[in-house]
Amino acid sequence: MHVALDANELVQQRQNKLQLLRERGLNPYPNHYQPTHQVVDILGNFPALEGQEVSVAGRMMARREHGKAAFADLYDRSGRIQLYFRQDFLGEEAFKTWLDLVDIGDILGVAGLVFKTRRGEISLEVRQWEILTKSLRPLPEKWHGLKDVELRYRQRYLDLIVNPQVREVFVRRSQIIKGIRAFLDERGFLEVETPSMQPEAGGAAARPFITYHNALQMHFYLRIALELHLKRLLVGGLERVYELGRVFRNEGISTRHNPEFTMLECYQAYADYEDMMRLTEELISRVAEEVLGTTRIAYQGEEINLTPPWPRLTMQEAIRRYAGVDFAAIDVDAEAQEVGRRLGIELTGTEMRGEVMNKVFSEFVEQHLVQPTFILDYPLEISPLAKRKEDDSRLVYRFEAFIACRELANAFSELNDPVDQRERFVAQAEKFARGDAEAQKVDEDFLVALEYGMPPAGGLGIGVDRLVMLLTDSPSIRDVILFPTLRPRED
RNA sequence: GAGCCAUUAGCUCAGCCGGUAGAGCACCGGACUUUUAAUCCGGGUGUCCCGGGUUCGAGUCCCGGAUGGCUCACCA
């Protein structure tokens with residue numbers, strides 16, 4: 001891939017042209033160019049601009065030669081405009097130089113008169129042109145675009161140049177994130193930033209990345225969640241906070257998992273998980289409405305209706321419905337394992353009741369949750385940071401939102417009892433000691449914060465990349481991350 | 001981490017049963033002053049992913065490796 005610059009003839013030809021430009025006194029990399037218009041301004045204001053002189057800057061992407069005249073396509077960030085070059089308008093020398101020394105892919109500034117061709121296309125009759133950047137490598141083909149997915153990810157700039165749909169996805173991603181901010185800001189949430197490098201990685205069940213700080217002579221973990229620091233801010237009285245932040249999980253890569261990804265977490269004092277359900281469905285439907293103009297979307301051929309309210313189903317009901325077993329009647333771990341095995345689930349024999357429940361859920365229920373659905377009341381064993389239910393101490397006030405069979409949001413009434421929290425951490429630490437690399441450890445610093453008193457609160461986490469996938473109809477998370485994690489290529 | 005698939009010109013791809021490398025676009029030379037996948041004439045530009053092996057002969061068959069994709073595992 002890292003072909004030496006002189007490796008092939010096409011590059012050599014361009015380098016020769018670069019040299020010739022310099023010899024003719026043209027700077028192939030000038031410092032400055034000030035276009036008067038963007039392409040979209042010209043296309044959108046043709047009646048007012050017809051016959052006027054304007055200038056635009058952008059990348060030349062196609063050329064159609066006709067002897068002593070030629071057409072070219074110029075793209076800027078707003079769109080494409082056709083350029084018309086004529087020898088008798090430019091003079092023989094300027095015309096020939098453009099013809100001989102400018103290539104597809106070069107970045108140009110052009111000034112000329114706005115007109116419409118015989119075929120009705122708004123175009124620019126070029127009176128002056130200058131090269132703004134000489135391109136030394138040939139671009140991928142215009143008709144088929146760049147298809148090689150490996151090149152698309154490794155050289156995303158090429159993907160963006162030649163595949164216009166790709167740009168659309170990332171424009172939309174930006175709009176989605178802006179929409180999330182606007183929604184939360186309106187409701188009085190304060191956007192904050194918390195550390196990415198932490199002495200312990202907590203707040204989720206995941207293996208962390210480790211890094212090393214030289215001056216402090218110690219290891220840090222890259223965060224796997226935003227949770228524990230945001231809750232410290234509730235203790236501090238901020239009451240409504242959110243962070244849109246990158247988190248890092250040292251796990252496998254798939255169409256739904258990138259090692260670094262973007263999470264939204266928000267926390268609201270004096271709210272519970274019911275409030276967070278309403279917040280979740282309002283947030284997602286509102287963002288869809290803003291970005292797509294509708295809450296009825298298509299994802300990979302499925303019609304999905306995001307209009308609130310979304311149906312709610314407890315995890316036990318869902319399992320009863322789709323797997324035909326009733327965990328409410330099961331109390332001991334061994335009995336739960338027996339039920340799991342009968343359903344064909346592989347178990348090691350160390351699973352607790354709630355862990356079996358979760359496996360059964362994943363295996364039998366998730367595949368049915370195409371339309372937005374809240375699954376509520378999760379087992380306590382797999383929810384060490386959520387508040388215990390008052391009417392069933394085996395469960396917690398927690399829900400996940402599923403859309404298109406995928407977990408999109410995870411939320412709960414936050415556990416603020418420091419004694420209970422310590423016990424949960426200890427249980428997690430025991431699992432870690434038994435070899436569960438994803439279990440959490442006791443976060444003493446966080447416990448001290450809770451001991452000062454955290455108000456009752458609801459918290460919500462949303463996988464932003466997965467939301468963007470949903471709203472851009474993208475099948476892979478790599479389609480919504482500009483530079484997804486890849487193994488570096490050895491040469 | 002496992003299974004399957006892919007890797008051939010700058011890009012998109014073909015290449016049969018093993019016989020010495022092909023197309024379109026791009027590019028180079030020529031013609032052409034309103035074309036738009038411009039057109040017409042001429043030109044193939046290559047580490048067939050890498051390394052071994054089998055064979056008279058390997059893009060093709062076998063083994064190993066690299067990278068990527070999909071599925072699975074992992075991801076409460």
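Convention: sequence-line order gives letters A, B, ...; per-chain numbering from 1. The figures here come from the full heavy-atom set of this structure, side chains too, leaving out hydrogens, waters and symmetry mates.
Using a 4.0 Å heavy-atom cutoff across all strands shown, A:K17 reaches sugar-phosphate atoms only and no base atom. Nucleic acid contact for A:T255: sugar-phosphate only, since backbone atoms but no base atoms lie under 4.0 Å from a heavy atom of the residue. Contact annotation for A:G354: no contact, since no heavy-atom pair falls under 4.0 Å across all strands. Residue A:P384 is classed as a base contact, given a heavy-atom separation below 4.0 Å to a base.
In terms of the ring pair (Phe, Tyr, Trp, His ring centres under 6.0 Å) criterion, A:Y378 has no residue partners (sequence neighbours excluded). Residues forming a ring pair (Phe, Tyr, Trp, His ring centres under 6.0 Å) with A:F115 (at least two apart in sequence, or on another chain): A:Y84.
For the C1' atom pair drawn from B:G42 and B:U36, the interatomic distance equals 24 Å after rounding to whole Å. Going from the P atom of B:C50 to that of B:G10 covers 13 Å, rounded to whole Å. Separating the C1' atom of B:U60 from that of B:A21 is a span of 12 Å, rounded to the nearest Å. Look at the C1' atom in both B:G46 and B:A14: the space between them is 15 Å, to the nearest Å. Annotation: B:C25 and B:A37 have their C1' atoms spaced 9 Å apart (nearest Å). Taking the C1' atoms as reference points, B:U54 lies 22 Å from B:U47, given to the whole Å. Going from the P atom of B:G64 to that of B:G69 covers 23 Å, rounded to whole Å. On the P atoms, B:C49 is 23 Å away from B:U55, given to the nearest whole Å.
We find that CG of A:L158 is positioned 9 Å from P of B:C11, with the value rounded to whole Å. Nucleotide B:G30 holds its P atom 7 Å from the NZ atom of A:K96, rounded to whole Å. Rounded to an integer number of Å, the gap from A:Q367 CD to B:U71 P is 15 Å. The distance between atom CD of A:Q15 and atom C1' of B:C28, rounded to the nearest whole Å, is 17 Å. Per the geometry, CZ belonging to A:R59 stands 15 Å off C1' belonging to B:A26, to the nearest Å. Going from atom CZ of A:R152 over to atom C1' of B:C11 covers 14 Å, rounded to whole Å. Atoms CD1 (A:I253) and P (B:C70) sit 11 Å apart, rounded to a whole Å. A:E438 places its CD atom 14 Å from the P atom of B:A73, with the value rounded to the nearest Å.
Ranked by how close their nearest RNA chain B nucleotide is to the 5' end, A:I104 and A:D436 are led by A:I104. For the pair A:D148 and A:R487, nearest-nucleotide mapping onto RNA chain B gives the more 5' position to A:D148.
B:U45 and B:A26 make up a base pair, with Watson-Crick or G-U wobble contacts both under 3.5 Å. Nucleotide B:C70 has B:G3 as its partner under the Watson-Crick or G-U criteria, with both atom distances under 3.5 Å. Under the Watson-Crick or G-U wobble criterion, with both distances below 3.5 Å, B:A21 has no partner in any strand shown. A 3.5 Å limit on both hydrogen-bonding distances identifies no Watson-Crick or G-U partner for B:U60. In this structure, B:C16 forms no base pair with any nucleotide, since neither Watson-Crick nor G-U wobble geometry is met with both distances under 3.5 Å.
The aromatic rings of A:W98 and A:F85 lie parallel to each other, with less than 30° between the two planes, well short of the 60° mark.
Within the structure, salt bridge (Lys or Arg N to Asp or Glu O under 4.0 Å) contacts touching residues 378-402 of chain A (residues at least two apart or in different chains) are A:D331-A:R394, A:D377-A:K389, A:R388-A:D420, A:K389-A:D391, A:D392-A:R394, A:R398-A:E400. Sequence neighbours left out, the pairs with a member in residues 344-367 of chain A that pass salt bridge (Lys or Arg N to Asp or Glu O under 4.0 Å) are A:E355-A:K431. For the ring-ring contact (aromatic ring centres under 6.0 Å, His included) condition, the pairs that include at least one residue of residues 335-365 of chain A, sequence neighbours left out, are A:F361-A:F402.
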Going 5' to 3' along nucleotides 33-45 of chain B, which nucleotides have protein heavy atoms under 4.0 Å from the base (write B), which only from the sugar-phosphate (write S), and which from neither (write -)?
BBBBBB------S
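Between the side chains of A:T373 and A:R312, no donor-acceptor pair of N or O atoms lies under 3.5 Å. Between the side chains of A:Q19 and A:Q15, no donor-acceptor pair is found at a separation under 3.5 Å. Of the N and O atoms on the side chains of A:R223 and A:T194, at least one donor lies less than 3.5 Å from an acceptor on the other residue.
Nearest nucleotide to the A:L146 side chain, out of B:U71, B:U67, B:U12: B:U12.
The side chain of A:R478 contributes an N or O atom lying less than 4.0 Å from OP1 or OP2 of B:C70.
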